[in-house]
S.K.: 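Dropping a structure here in structure tokens format, bear with me for questions.
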Amino acid sequence: MLDKRYDPKKVESGIYDEWKAKGYFSMHDLKKKPFSIVIPPPNITGKLHLGHAWNTTLQDIIIRYKKMQGYDVLWLPGMDHAGIATQAKVMQELRDKGIDTRSITREQFLSYAWAHKEQYAKTIHEQWKMMGLALDYEKERFTLDDGLSQAVNEVFCSYYEEGLIYKDKRIINWDPVQMTALSNIEVIHKDEEGSFYYFAYPVVGTEEKLIIATTRPETMFADVAIVVNPDDERYKKYVGKKAINPANGDELIIIADSYVDKEFGTGVMKCTPAHDPNDFLIGQKYHLPMPVCMNKDATMNELARGYTGLDRYDCRNKLVEDIKARGLFVKEEKIIHAVGHSERSDAIVEPMLSSQWFVKMKPLAKRSLEMMNEKERVEFIPSRFANVFTRWMENVEDWCISRQLWWGHQIPAYYRKDTGEMIVSRTPPEDIENYVRDQDVLDTWFSSALWPFATFGWLKNDELFKRYFPTDVLVTAYDIIFFWVSRMISQSLHLTHKIPFKKVLIHGLVRDEHGKKMSKSAGNGVDPIDVIDKYGVDALRYFLTTISTPGQDIRYSEEKIIASSNYLNKIWNATRFVLSSIDSDVKGDEQIDLTKLSAINHHIILRFNKTLELVNEAMERYDFNMASTHLYNFVYDDFCSAYLEQSKTALKCEEERKITSIILLKIIKNIILMIYPYTPFIAETLYLSLPNHLASIMLETYPDYIDLKEDENKEKEVELLNEITFQIRSFKASENIDSRDKLSLMISSPYFSTLSCNTLKDMLHLSNVIEVKGEELDKNSRIFIFKNGKISLSHEQDASERKASLVKKLEHLEAEISRSKKMLDNENFLNKAPVQLVEKEKVKLIENEKIKADILKDLAKFN
RNA sequence: GGACACUUAGCUCAGUUGGGAGAGCGUUUCCUUCACACGGAAGAGGUCGUAGGUUCGAUCCCUAUAGUGUCCACCA
């Protein structure tokens with residue numbers, strides 16, 4: 001027997017372990033059609049947050065739904081080693097323990113890092129369990145496990161052989177805190193206030209000076225030239241001459257290049273090839289030297305004479321003062337400009353010349369863009385994100401993949417100790433003692449990009465790969481489209497010649513109650529574990545996945561979690577009612593005679609079928625908001641408010657009791673099955689309380705339509721039943737009639753049954769309900785006229801009141817009629833509007849005219 | 001500078017083939033009647049940002065515009 005109250009704690013405990021122990025998550029029936037998802041592997045750096053909860057619940061819903069539909073589903077779990085983030089975290093842990101991180105070796109560090117991984121993996125497993133995720137743990141992978149490492153190694157080497165990977169000295173983004181190179185997308189640009197410093201550069205051999213503006217004076221020690229536009233009349237004459245660098249007195253050659261914008265600044269630019277990507281291009285074009293003036297920690301090196309060892313910003317301040325002292329300072333102008341910060345350390349990134357490994361992106365991007373116009377293309381949901389993807393691919397630049405870290409896949413390049421000659425090889429050279437291996441590791445996203453196929457044993461062409469790849473859908477937030485989605489697509493197309501997934505379901509981010517982004521630093525994060533503790537995981541899951549439109553952010557809202565919980569309580573109690581109202585011999589799977597259905601039974605089946613159709617359509621689109629809304633409306637309005645109340649009378653009626661019980665049970669079972677993908681714990685508990693259940697709801701199949709021949713007259717009966725119920729309740733409320741007052745009702749309708757009369761009597765607490773012929777209604781009572789019949793209620797009203805209410809109704813009706821007439825008189829409407837719509841309007845007009853005639857007849861009695 | 005999203009009831013948000021605007025919470029009145037007070041019944045509350053256009057008809061399509069937000073972007 002179910003408790004009176006739905007208690008999530010009680011409901012949820014033990015179920016997950018049971019499912020896991022029985023192997024439900026890893027059951028695979030190879031006769032069924034495969035359906036697969038790979039989890040976006042969480043980083044092993046922290047706890048699960050609401051974003052993870054949302055992301056994984058969406059996938060869980062899809063997996064559970066598809067499994068019920070008869071697919072052989074595989075949801076592959078795994079985790080990401082998260083190079084920079086994990087290394088930073090482990091280093092911090094070591095420092096907190098008092099270990100000197102500068103003195104430990106690579107091997108020592110790695111053993112600490114693996115211990116860290118084990119610990120966090122345990123936490124993540126705990127949290128997956130709390131969320132109730134149907135993950136196939138037998139297939140679990142890690143981005144640094146042997147299989148993935150082999151795949152990474154193979155891809156690196158084959159790309160190198162194809163010329164898709166190369167090593168070169170280029171300007172990269174340097175993170176001076178993590179002391180590693182970053183890719184372009186790991187740099188976050190923030191608008192910050194800065195200064196434009198204007199300095200005077202005396203032109204050698206003249207009395208003239210060139211005024212040049214810079215935002216980064218500290219890089220002036222690495223200046224190698226001054227550039228003007230060749231068409232600039234102001235400066236043409238200086239080309240070929242030299243000017244003095246006010247920072248260090250060096251002479252700089254003045255050259256001309258059309259890159260310089262005459263209108264921008266003073267029209268004169270200094271060229272610092274090792275510290276600016278554009279200057280680098282000019283430096284290459286004119287074969288200029290490319291000195292670097294900073295160390296890896298962003299302090300000044302020996303090139304900055306007099307400033308060596310200073311931090312870059314201390315150097316900037318001191319240098320500006322020194323130039324002022326020399327009389328070469330012109331002015332300082334405050335500006336707002338975009339400054340690059342490291343995504344992980346938040347340090348200001350230094351563009352710096354450095355020797356790194358790159359992936360040539362143009363050929364890969366080209367293939368990805370072609371794919372988007374082919375039949376076998378990746379479908380983005382919502383579709384606008386496809387444009388985000390293609391736009392990025394169109395403008396993509398080469399990808400810097402080497403990182404100066406230890407935690408990751410070490411690059412398989414080896415350098416001969418004596419000659420420095422480099423080889424790239426799948427296996428270490430035989431005379432390894434003569435080589436030094438490249439110390440760098442690969443960008444974490446390089447391995448993540450292989451995730452959807454490397455995890456399936458792509459390299460060995462495993463059965464898993466053959467059966468489950470390409471995957472069916474990838475679920476992720478929009479913030480990693482560039483980092484991950486786009487790279488998986490381009491890598492997969494090149495390596496497997498297939499798209500990695502057929503669809504990408506993009507969701508948004510979880511914001512706090514005020515719409516702000518949740519972050520650790522702002523301290524506004526909500527821990528899902530606290531929410532689960534308070535309201536249960538089902539309420540959290542339902543909230544996360546049903547309140548939003550695809551691709552849109554959601555705002556955390558405790559009141560909506562409470563509302564979710566109340567909804568579940570509603571289903572709980574509806575189930576409790578059904579189980580306590582029906583006889584124990586009713587199992588719910590009995591055949592029912594569909595030709596002998598009462599009006600309410602007929603109606604609820606009709607409504608169920610319609611709801612199932614709407615829900616299925618929305619589920620297929622992965623539109624969980626609409627799917628849940630349709631089910632919600634059915635549960636509340638059709639089932640609980642109407643049918644459940646109406647069925648109470650039928651259950652008291654001998655010839656109706658059995659069939660109504662069966663239908664009650666069938667419908668509630670279907671509701672439980674339909675809510676199950678969203679809220680599996682309460683669904684399992686309720687399911688197991690039903691008669692004739694399987695061992696678990698996880699073994700169930702999705703509900704099917706209930707066969708029914710639609711009967712219009714029965715629908716009219718229910719419509720009238722509902723109209724009368726509503727009208728009388730409304731009337732009682734407006735007239736301040738106590739609901740327990742025993743009024744009696746006369747009814748005249750060709751569609752009404754005795755059962756419906758009794759139902760009205762019970763629901764409206766009437767003393768009696770009498771069926772009469774057309775004109776026999778009680779003339780002294782309150783009369784209500786409907787489309788399919790009319791009634792009188794034994795509540796005395798004086799004549800003027802009755803007349804007034806009839807007049808009011810008449811006015812309303814006439815407005816309706818004139819609206820219909822206006823539309824139907826419009827030839828354009830008749831010709832251009834859909835036929836069904838015109839018909840609908842015509843029927844409405846006829847019905848309203850009929851009611852109007854009835855009212856007029858009544859009104860005539862008052863004259 | 002470019003792109004995209006959002007603007008609908010007091011608040012938070014739904015509303016895909018253009019055909020009389022919905023939910024949750026809040027709010028008013030009544031009801032502890034045997035599924036549920038984590039409830040029920042009946043209400044109040046909206047010129048669907050603004051201005052044009054297309055259409056028989058626009059919250060929905062088009063154009064412009066305002067506000068908010070996000071992403072992208074090397075202009076020294």
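Letters A, B, ... are given to chains in the order of the sequence lines, protein chains preceding strands, and every chain is numbered from 1.
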S.K.: Expressed as a whole number of angstroms, how long is the span from A:D257:CG to B:C74:P?
M.R.: 19 Å

S.K.: For A:D825 and B:G57, give me the distance from atom CG to atom P, rounded to whole Å.
M.R.: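 One finds 16 Å between P of B:G57 and CG of A:D825, rounded.
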
S.K.: Mind checking the P distance from B:G26 to B:U33? Whole angstroms is fine.
M.R.: 23 Å

S.K.: Paired with B:A44: which nucleotide, if any, by Watson-Crick or G-U wobble criteria at under 3.5 Å for both distances?
M.R.: none

S.K.: Hunt down the Watson-Crick or G-U wobble partner of B:G19, both distances under 3.5 Å, from any strand shown, or write none.
M.R.: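 Per the H-bond distance test, B:C56.
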
S.K.: Phosphate oxygens OP1/OP2 of B:A41: is one of them under 4.0 Å from a side-chain N or O of A:S641?
M.R.: yes

S.K.: Calculate the interatomic distance between A:K732 atom NZ and B:U29 atom P; express it in whole Å.
M.R.: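 To the nearest whole Å, that distance equals 21 Å.
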
S.K.: Check A:E816 with A:K844, please: is the shortest side-chain N to carboxylate O separation under 4.0 Å?
M.R.: no

S.K.: Between A:E645 and A:K648, does at least one N-O distance fall below 4.0 Å, as a salt bridge requires?
M.R.: yes

S.K.: Would you indicate, yes or no, if B:G39 has its OP1 or OP2 atom less than 4.0 angstrom from a side-chain nitrogen or oxygen of A:N566?
M.R.: yes

S.K.: Taking any heavy-atom pair under 4.0 Å as a contact, classify A:K822: base, sugar-phosphate, or nothing.
M.R.: nothing

S.K.: Between B:A35 and A:K648, is there an OP1 or OP2 to side-chain N/O distance shorter than 4.0 Å?
M.R.: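 Affirmative; the distance criterion is met.
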
S.K.: Tell me whether the OP1 or OP2 atom of B:A76 has a side-chain N or O from A:R216 closer than 4.0 Å.
M.R.: no

S.K.: Ignoring backbone atoms, establish whether A:T549 has a side-chain N or O less than 4.0 Å from OP1 or OP2 of B:G15.
M.R.: yes

S.K.: On the nucleotide B:C36, are OP1 or OP2 found under 4.0 Å from the side-chain N or O atoms that A:K4 carries?
M.R.: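 Yes, within the criterion.
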
S.K.: Using a strict 4.0 Å threshold on nitrogen-to-oxygen distance, state whether A:D762 and A:K652 make a salt bridge.
M.R.: yes

S.K.: Is the phosphate of B:G43, meaning OP1 or OP2, less than 4.0 Å from a side-chain N or O of A:S730?
M.R.: yes

S.K.: Tell me whether the side-chain N or O atoms of A:Y259 pair up with the base of B:C74 as donor and acceptor below 3.5 Å, since no angle test is needed here.
M.R.: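 Such a pair is found, so the answer is yes.
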
S.K.: Start at the 5' end of RNA chain B and walk down; is the nucleotide closest to A:A563 or to A:Y567 reached first?
M.R.: A:A563

S.K.: Assign A:F726 to base, sugar-phosphate, or nothing according to its heavy-atom contacts below 4.0 angstrom with the strands shown.
M.R.: sugar-phosphate

S.K.: Could you tell me how far apart A:L830 (CG) and B:G19 (P) are, to the nearest whole angstrom?
M.R.: 18 Å

S.K.: In whole Å, I'd like the distance from the CG atom of A:D623 to the P atom of B:G15.
M.R.: 7 Å

